[in-house]
Asks: 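Got a structure for you, written out below as structure tokens; questions coming shortly.
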Amino acid sequence: MKTLIVANWKCNPVTFKEAKYLLISIQKIKSLARNLEVVVCPPFVYLSGLQNKFKNFKLGAQNCFWEEKGAFTGEVSAKMLKDIGCKYVIVGHSERRRYFLETYEIINKKLKIAIENKLKPILCVGETQEERTKGLVAKILNSQINIALRGIKAKDGKQIIIAYEPVWAIGTGNNCLPKDAQQVRLLIKKIITQKFSRVLANRLAILYGGSVNSSNGVYYIKEAGFQGLLVGGASLDPKEFIRLLNSIQGKLLR
Ligand code: PGA
């Protein structure tokens, strides 16, 4: 299985010129291992303009709507994303849940439409600080994953990628310790085994996200067994992002 590094640019940068510069700069990485897949998720408005600037990185989106088309002002459908060349789509990021009140029922619909359109959905799950303090991690993850995957068939399950992103670790510099993240990775595998099968749980790519940078990223893969990373802040700085990719290629893949 390929190691997957997903750059989530969020609502950045503020001009297309900067977006183009950022994409071109990160693709200046000297070499990219064959078993490393890098996905870049820019804001919607830049997707079509950047699409032909992609060389060996893959195009992803940060969100999608659950209907194909129609009177839904302001929305962008999975079909449109597929048409513009997206391979991946992030679904259920905690910022969408927090600021746009997305529920796991909504996320379930988005997952289904992404799968229908042959996009690989990256389903984000994770607890808040308060939930962690109260010992609710297993309960929260169980319900987040089970509701999000409701009605999804096992044959489609293997298209899904799950990203464990503890809410308290996102954008705070307070990354989850790899050994704690590993426990949650194993919990996610258990939930998937119960829902589908052990075979599928073993094949599923589980990523870690939350204050990942070039100094800590490799430990989630090497020590905690994650198949990849979801990177926010560190993906906006070309030098830092290349350092991160190289740290992973250097320590792991060679
Ligand atoms: P961060 O964001 O790396 O800036 O913490 C990660 C994410 O939200 O996907």
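Predicted model, so just to flag it, every value in this text is computed and none were measured. FYI, the numbering just counts along the sequence from 1. Counting starts at 1 for both ligands and their atoms, following the listed order.
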Asks: Quick one: which ligand 1 atoms are inside 4.0 Å of a heavy atom on His93?
Replies: 7 (C), 8 (O), 9 (O)
Asks: Just to check, does Gly209 reach to within less than 4.0 Å of ligand 1 when the distance is taken from its heavy atoms?
Replies: no
Asks: Give a yes or no on whether a salt bridge exists between Glu102 and Arg97, defined as a side-chain N under 4.0 angstrom from a carboxylate O.
Replies: no
Asks: N/O to N/O below 3.5 Å, does that happen between Ile170 and ligand 1?
Replies: no
Asks: Scan Arg185, Glu127, Gln182 and name whichever one has a side-chain hydrogen bond (donor to acceptor under 3.5 Å, both in side chains) with Tyr164.
Replies: Glu127
Asks: Report yes if Gly171 has an N/O atom closer than 3.5 Å to an N/O atom of ligand 1; otherwise report no.
Replies: yes
Asks: Can you confirm whether Tyr46 sits close enough to Pro13 that some side-chain heavy atom of one is under 4.5 Å from a side-chain heavy atom of the other?
Replies: yes
Asks: Evaluate the side-chain proximity of Ile26 to Val38: yes if any heavy-atom separation is below 4.5 Å, no if none is.
Replies: no
Asks: Considering heavy atoms of the protein only, find what lies nearest to atom 4 (O) of ligand 1 and give residue, atom and distance to 0.1 Å.
Replies: Gly233 N, 2.8 Å
Asks: Can you report which non-hydrogen protein atom sits closest to atom 2 (O) of ligand 1, along with the distance?
Replies: Lys10 NZ, 3.2 Å
Asks: I want to know if ligand 1 touches Gly232 in the polar sense, i.e. an N/O pair below 3.5 angstrom.
Replies: yes
Asks: Is there at least one pair of N or O atoms, one from Thr172 and one from ligand 1, spaced under 3.5 Å apart?
Replies: no
Asks: Please answer: with hydrophobic residues joined when any side-chain heavy atoms are less than 4.5 Å apart, are Val91 and Ile106 in the same cluster?
Replies: no
Asks: Under 30°, 30 to 60°, or over 60°: which ring-plane class applies to Phe57 and Phe241, parallel, tilted or perpendicular?
Replies: perpendicular
Asks: Specify the protein heavy atom at minimum distance from atom 9 (O) of ligand 1: its residue, its atom name, and the distance to 0.1 Å.
Replies: Glu165 OE2, 2.8 Å
Asks: Closest approach of Glu37 and Lys2, non-hydrogen atoms and distance?
Replies: OE1-NZ, 3.7 Å
Asks: Is ligand 1 under 4.0 Å from a heavy atom in the side chain of Asn8, in the backbone, in both, or in neither?
Replies: side chain
Asks: Regarding Lys10 and Glu95, does a basic nitrogen lie under 4.0 Å from an acidic carboxylate oxygen?
Replies: yes
Asks: Pull out every atom of ligand 1 sitting under 4.0 Å from any heavy atom of Gly210, numbered as shown with elements.
Replies: 5 (O)
